[in-house]
Every structure is written in C-alpha cells, then in structure tokens.
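Single-structure report; data block below.
For ligands, and for the atoms within them, numbers begin at 1 and follow the listed sequence. In this chain, residues are counted from 1 in sequence order.
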Amino acid sequence: MKLHEYQSKQIFAKYGIPIPKGRVAATATEARQIAEELGGRVVVKSQVLVGGRGKAGGIRLARSAKEAEEVATQILSMEIKGLPVRKVLVDSAANIEQEIYLGITNDRAARRPVFMASAAGGVEIEEVARTNPEKIIKVHIDPLLGLRDYQARDIAIGIDLPKEYWKQFGDICRGLWRAYMECDATLAEINPLVILKEKSLMALDGKMLVDDNALFRHPDLAEMRDVDEEDVAETEARKYGLSFIKLDGNIGCMVNGAGLAMTTMDIVKLFGGEPANFLDIGGGAGADKVAAAMRIILSDKNVKAILFNVFGGITRCDEVAKGILVALKEVKPTIPMVVRLVGTNAEEGRKLLADAHMITAETLADAAKKSVAAAKA
Ligand code: GDP
Ligand code: MN
C-alpha cells in the first residue's frame with residue numbers, strides 16, 4: 001500500500017524526523033486558511049500517489065494566502081499521470097541550501113534492508129541510478145542488529161555531509177529505520193532531505209510503501225488507504241480476496257495458486273505472448289470469486305484472450321467451471337477463452353463447460369500456445 005506524502009511525513013514526525021509545519025486541504029478555500037495560519041511563504045503540493053509531481057507542475061510556491069488559494073485552485077483541477085488531484089498539502093516553505101536523498105528498501109538479493117543515500121537529492125533516485133550510479137551509497141543493515149551508529153556515520157561520510165550535521169543526521173537515520181521496521185514498510189524514503197539555510201535538516205518530501213500482507217497488524221495504517229487513488233480493479237480484487245496485479249500484456253490469466261500463476265505467465269511468455277495480469281484466485285475458490293476474477297480481467301480493454309489454468313487440489317474444477325458459467329452469463333465476453341482443467345473433478349468441470357464455446361487444452365504448453373494464437377487472431 002502506498003501512503004501519501006502527508007501521511008508518510010506524519011509518520012516520520014512521530015519518529016522524531018523534522019518536517020515542515022502544514023496540513024492537507026481538499027479545497028482552495030481550506031488551502032488559503034491553512035496558509036493564513038502558517039503565515040509567510042508556503043508550498044502547495046498535490047497529493048497523488050505518483051512520483052515526479054514537481055516536474056508535472058503539481059508543486060507550487062506561494063508568497064501569500066491569496067496566492068496559495070490561486071495555485072491550489074489550479075492544482076486541484078489538474079491530472080497528474082492520469083490521476084486527478086483531490087488533495088493538496090500546504091506546508092511552510094523552506095529555505096533550501098542542499099537537497100539529499102535518503103531511503104530504505106529491501107534488497108532481496110542481499111536478503112536484508114538497505115539504506116541508500118545520495119548528495120544528488122531532489123531528483124528521482126532511479127534517474128541518479130541510471131546517470132550517476134557512483135553518487136548513490138548503499139549500506140546494508142542486519143535486521144537483527146538494526147542500524148548501528150557507525151553505519152549512520154558511514155552514510156553521512158559517503159554523501160560528504162558536513163560534520164556539524166552528523167548528529168542530527170544520525171537521529172533522522174535511526175528515526176527512519178524505526179519507522180521502516182515498525183510499520184512493516186517495504187520503502188521509506190525522504191527525497192529531498194534538505195539542509196536548511198538555518199543550518200539544520202528537514203524532510204521536505206516523504207514516501208512510504210507498507211507491505212499489504214502486514215496490514216492486519218497495523219489497523220491505524222490500514223485506515224490510511226486511499227481507495228480513490230487506487231486502481232479500481234485492484235480494489236475490487238482485494239474485496240473478493242483475490243491476488244491481482246495488472247500487467248501490460250493482452251492475455252488475461254486466471255489461475256489458482258501463486259506459483260502456478262507465475263508458471264503460467266512464464267509459459268505464456270515462452271510461447272511469445274504477454275500476460276495482462278497476475279491473478280491468483282486462491283485455493284477453494286467458489287463461483288462468486290471466479291466470476292469476480294473474470295469481471296476484473298475483462299475490465300482491462302487490452303485483454304484479447306483469457307487463459308484459465310486450474311489445477312484442482314483443494315479447489316474443485318467443477319466449482320471453477322460453475323463460476324466461469326455464472327460469469328459468462330453476467331459479462332458475456334466476446335474474446336476467445338482457453339481453458340485447461342486438471343485434478344480434482346476435472347472431468348465434471350469439462351462436462352459443465354462443454355457448451356460454453358471455450359477452447360480446451362490438455363497441457364499447460366498447449367493452453368499457452370492456443371491463447372497466444374487466440375490473442376493474435
Ligand atoms: P516530487 O517532485 O513529487 O518528488 O515532490 P517533492 O516534494 O520532492 O518536491 C519537488 C521539489 O520541489 C523539491 O526537490 C524542491 O526542490 C522543491 N520544493 C519542495 N518543497 C519546497 C520548499 O518548501 N521550498 C523550496 N524552495 N522548494 C521546495
Ligand atoms: Mn520528492
């Protein structure tokens with residue numbers, strides 16, 4: 001789950017990281033009131049769950065409350081990368097001397113979290129990684145030992161941070177580390193962390209990703225979910241307990257089990273196709289779940305064929321077949337569908353689908369080939 005900048009910064013503040021004074025507003029009038037309360041110059045920042053808001057014109061400086069209202073009006077009528085702006089954060093403006101990047105993420109290959117820092121902050125870190133990879137320093141953290149003081153110093157030295165900021169920088173690193181661990185985050189990022197003209201550090205931007213699988217133990221974080229900002233299909237999938245991730249291809253895949261779903265995607269690719277999604281309907285999925293999965297797949301206009309790959313174990317193939325029939329009646333798809341059923345009650349399942357005008361396949365390779373051909377046709 002992605003958190004908004006204002007949410008991430010509120011969490012950072014709880015862990016002692018300095019952030020600007022400010023509040024979030026849903027209307028331009030509110031934005032003006034906040035700017036009046038804050039006094040002086042403010043920044044008005046679109047709250048959308050995509051990066052590069054600055055470049056897109058979604059971050060504007062305002063010298064007065066009146067100007068804050070004007071820019072808020074403009075920003076609130078914008079779309080950034082296809083997402084309408086529904087909220088703005090109004091923060092006291094900062095006097096920036098230098099912008100630093102500081103973030104923590106999981107390094108799966110190293111099997112531990114990694115701190116990343118760069119003196120070239122403010123711009124997207126992916127950009128720095130591409131153009132000046134030597135400007136990013138990385139320090140891996142033993143999750144059992146946590147961040148050690150010498151490691152925070154190593155990071156400070158690595159980005160040539162003047163010594164007068166080391167103590168405060170250490171506190172910020174420790175705060176960010178605790179926020180990352182205690183929230184079960186997969187990313188905690190401050191970009192930019194700035195050196196102010198007033199000679200102290202402050203987090204001007206914040207981004208956090210929280211592991212969806214850990215949300216059950218963070219009801220306070222789960223409440224922060226902004227459904228308006230999420231892909232409709234993914235929200236719908238969550239409602240039915242389906243694991244769904246949209247991809248760019250044109251073959252919709254409906255599979256039971258995550259491992260089988262990944263295998264299915266691999267084999268589709270092997271035969272020259274591109275999967276439109278990852279979708280695991282889970283074990284023991286009934287007709288309603290299958291119907292929901294089918295609606296979700298078909299809501300993607302890129303989908304030119306659907307591949308059902310069901311391995312009946314706990315899931316019974318006849319149940320899945322019933323689900324397909326229910327869904328067919330409801331959504332009346334016009335695209336070709338390839339189905340492969342094996343395992344528990346496969347025979348019953350196939351009988352149920354005999355009149356459903358589906359392309360049947362015996363093996364997964366056969367099913368993948370047929371769906372690739374069907375999507376091309
Ligand atoms: P992003 O583009 O979505 O990453 O948004 P950021 O919050 O990182 O803002 C982008 C840039 O706007 C920053 O790197 C700063 O250069 C600038 N910026 C943000 N807040 C302030 C501020 O308070 N004062 C000044 N002068 N610039 C700011
Ligand atoms: Mn940023």
Has ligand 1 got any nitrogen or oxygen that is less than 3.5 angstrom from a nitrogen or oxygen of Ile59? no
Does any N/O atom on Arg53 come nearer than 3.5 Å to any N/O atom on ligand 1? yes
Check: of Leu196, Leu61, Leu204, Asn191, min heavy-atom distance to atom 8 (O) of ligand 1 comes from Asn191
Heavy-atom distances under 4.0 Å decide this one: backbone, side chain, both or neither, for [X] against ligand 1?
X      : answer
Glu99  : side chain
Asn95  : neither
Glu124 : neither

Considering non-hydrogen atoms of the protein only, which is the closest contact for atom 27 (N) of ligand 1, and what is the distance? Ile96 CD1, 3.3 Å
Can you sort out which atoms of ligand 1 are near Lys45, meaning under 4.0 Å from one of its heavy atoms? 7 (O)
Numbered atoms and elements of ligand 1 in range of Asp205, under 4.0 angstrom, heavy atoms: 1 (P), 4 (O), 5 (O), 6 (P), 7 (O), 8 (O)
Could you go step by step and tell me if Tyr180 and Asn106 meet the side-chain hydrogen bond (donor to acceptor under 3.5 Å, both in side chains) rule? CA-CA 10 Å; Tyr180 178 81; Asn106 268 342; 2.8 Å; yes
Strictly inside 4.0 angstrom of atom 17 (C) of ligand 1, do you find any protein heavy atom? no
Tell me whether atom 25 (C) of ligand 1 lies less than 4.0 Å from at least one protein heavy-atom position. yes
Run the salt-bridge test on Arg238 and Glu234 with the 4.0 Å N-O cut-off and return the result as yes or no. no
Out of curiosity, Lys369 NZ to Phe271 CZ, how far, rounded to the nearest 0.5 Å? 5.0 Å
Among N, O or S atoms, Asp205 approaches the Mn ion (ligand 2) most closely through OD2
